[in-house]
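So the structure is just underneath, and the comments pick up after that.
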2 protein chains.
Amino acid sequence: MVSIKDVAKMAGVSPTTVSAVVNNHDCVKLSTREKILKVINELGYIPNISARELVTNKKQNIGLITTGYDNFQKNGCNNDKDIFYIEYINGIAEAIKTTGYGLLIENFVYEEGSKEIPKIIEQKRVDGAMIVGSLYKKEFIELLKKEINVLVTVGTFSEFTDYVINDYTESILMAVRYFVKNGHRKIAYVSGDSKTYACPLKLLGYKEGLKEAGIKFDNELLFESKFMSSHGYDVAKKICELPKEKFPTAVIFGADILAAGACRYFYENKIYIPEDISILGYENLSISSYINPPLTSIDWNKNLMSKEACSLILRRLKNPNKKYDGIVLPCNIVERKSVKNLN
Amino acid sequence: MVSIKDVAKMAGVSPTTVSAVVNNHDCVKLSTREKILKVINELGYIPNISARELVTNKKQNIGLITTGYDNFQKNGCNNDKDIFYIEYINGIAEAIKTTGYGLLIENFVYEEGSKEIPKIIEQKRVDGAMIVGSLYKKEFIELLKKEINVLVTVGTFSEFTDYVINDYTESILMAVRYFVKNGHRKIAYVSGDSKTYACPLKLLGYKEGLKEAGIKFDNELLFESKFMSSHGYDVAKKICELPKEKFPTAVIFGADILAAGACRYFYENKIYIPEDISILGYENLSISSYINPPLTSIDWNKNLMSKEACSLILRRLKNPNKKYDGIVLPCNIVERKSVKNLN
DNA sequence: CTGAAAGCGCTTACAG
DNA sequence: CTGAAAGCGCTTACAG
């Protein structure tokens, strides 16, 4: 292992100067700098990260924590969870690459009331962390804030940290408008887990959309559901049990996972999409493009979210005492083949 | 930040003794140990990982490196890649949790001929690493071996490292048997990328299976394809262009992604699964359960693979000079609804 | 069973 | 612009 001392000796300078070069301080004379760089190159010197961490009191890692209900595991629905997080994980891995930080990931299962926190935070392995998902309570964030200063929530609003979310209300409003534009009037809405931050906001968008189009809100066309595909299946069944005059021409699912589950039911019961019923997913997960027919879905633009989350965390790392920032991103609809134009 | 000195002072012992307790050395008198543990608890002392790393010359992280062709990105097929890796990532994250190691991930795009290696290895951020996937050449592993000693390949055989793979030949043989058992005789096979290690082995299984059942190998029923769903679509088209007497009753796809792409084509062209044609996926990715009809697929048992990969790496970490280990896991078929019984 | 001392490889005031 | 010195928080022979 070649150390800073070896470089210093070989270049005929002090470790201090080598350090200055390695850290791009601009106080080193050009010729000295070049000499040192040459030796670094020859020797293949790579600074020891641990030593640097120790003295600067910074780890050079940031953490990515995914959250899940205990339920997911108990019910063997890890699929549903995996499918949700992957695009964030990869998006963030991509965005972090150029920053000099490493990405440490931990899947954390939040249990209400528990004081347990993610290990990478407890052990101070990271300088900052992002919490992806929405399956936790505010108390969890407060707990974390005691242990780590730099925190960004991704996908959930947060009072005490930076956050990046979507415009939930607007997104569902947009969905209703989209259906109305395509001639639909009987539009059902399958809301996600009411415990999450987004749920009531999305519902608001649904109601606003109906109002705007002069459609009367009908409680029978509103369904609540957790975020598992089996629940989407169940909801589809309920929809089909509706009296004929109530049967919607269009359904907005609050999550792609739910739409996928519903598709299963429709498929099994020979109800064709979009001929018999039009459906819209939410999130635009990768699965939406594999489903048949490919699912038209409200895109969260998770890649952009990941990037924004990274810049948020980098900014916060540089400036820990700044007032909290929130980024609200717009959604858009990715058109595939699950919606019929009734006009 | 409370340090080992603080604990020592408060407990009236030396840092050496505190260190011994923290590291579970069994040379400390019980009463001393208890006294120290009490202080640790009171003070909420957590050892500084960087300091420990510096002195032991170990990072306490292991790396998870996913590999992908440049193509995936160029062709906007990240979906296909994401979908493939997620279950490993989560499986390994789960398995690593109890080991005391952190999990550092990096998505690496391998380019043939390039000398570039993953940053987490170059910067020595990890004690060991797992390479998941098969989209790289042997030279890549040789390159890595120069920089890091503890390496495990997951999903690809490797001469110079530990590895965990599936029994590729057996798995496709099993697939053919499964179709034969269900009364199929015209069985097509869509092979994956021929550059990968598994490809020729799987093909072998296909041929053996046919032979065993007394079915003549027909080159027209063999298709080659890269690992993108669009290629599955193209293959399905080709299958449908086959003269009627050649049209297979069953197709084995060398990857779920390919089956998904094919399903799209079949769906669009009103060819029903499994009524008109039976299909079998490979890998049992999460998408296979969301597709309609749900895809019967050869399960790689990625959870077990992840666990085995973790034990392999832990063993190797403890014993760096042991002879290389290889684990070959059996596959099994997860029956869903894409195969018709012809008997 | 316990402690004093050295040292891991850096960075950072500080002095010149 | 450069260097000597101290110190980050641990672990590890070694001595007793």
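It should be emphasised that the depicted structure is a prediction, and the values quoted were computed from it without experimental measurement. Here is the naming used below: chain letters follow the sequence lines, and residue numbers restart at 1 for every chain.
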Checklist entry - Base, sugar-phosphate, or nothing for B:V22, non-hydrogen atoms under 4.0 angstrom? => result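 Since no nucleic acid heavy atom lies under 4.0 Å of B:V22, the category is nothing.
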
Next on the checklist: When you compare the side chains of B:R125 and A:N61, does any donor N or O come within less than 3.5 Å of an acceptor on the partner?
Outcome noted: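 On atom types as modelled, these side chains qualify, holding a pair under 3.5 Å.
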
Next on the checklist: What I want to check is whether the side chains of A:S14 and A:T17 have a donor and an acceptor closer together than 3.5 Å.
Outcome noted: yes

Taking [atom1] from [X] and [atom2] from [N], how many angstroms apart are they, rounded to a whole number?
X: A:Q123; N: D:dC10; atom1: CD; atom2: P; result: 13 Å
X: B:I46; N: D:dC10; atom1: CD1; atom2: P; result: 11 Å
X: B:L30; N: C:dC1; atom1: CG; atom2: P; result: 10 Å
X: B:D6; N: D:dG9; atom1: CG; atom2: P; result: 8 Å
X: A:I36; N: D:dT2; atom1: CD1; atom2: C1'; result: 10 Å
X: A:K9; N: D:dA4; atom1: NZ; atom2: P; result: 13 Å
X: B:L43; N: D:dG9; atom1: CG; atom2: C1'; result: 15 Å
X: A:E34; N: D:dC1; atom1: CD; atom2: C1'; result: 15 Å

Please determine if a side-chain N or O atom of [X] lies less than 4.0 Å away from the OP1 or OP2 oxygen of [N].
X: A:S50; N: C:dC8; answer: no
X: B:N23; N: D:dT11; answer: yes
X: A:T16; N: D:dG3; answer: no
X: A:S19; N: C:dT11; answer: yes

Do the side chain of [X] and the main chain of [Y] share a donor and acceptor less than 3.5 angstrom apart?
X: A:K97; Y: B:N107; result: yes
X: A:D162; Y: A:D325; result: yes
X: B:T56; Y: B:R52; result: yes

Checklist entry - Does D:dG16 have a Watson-Crick or wobble partner in any strand here, with both distances under 3.5 angstrom, and which is it? => result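 Base-paired to C:dC1.
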
Closest listed nucleotide, where the reference is the side chain of [X] and the choices are [options]:
X: A:T56; options: C:dT12, D:dG9, D:dA4; value: C:dT12
X: A:T17; options: D:dT12, D:dT2, C:dT11; value: D:dT2
X: A:S14; options: D:dG3, C:dG3, C:dC10; value: D:dG3

Checklist entry - Want to settle it: does B:V28 or A:L54 sit nearer the 5' end of DNA chain C, counting the closest nucleotide to each? => result B:V28

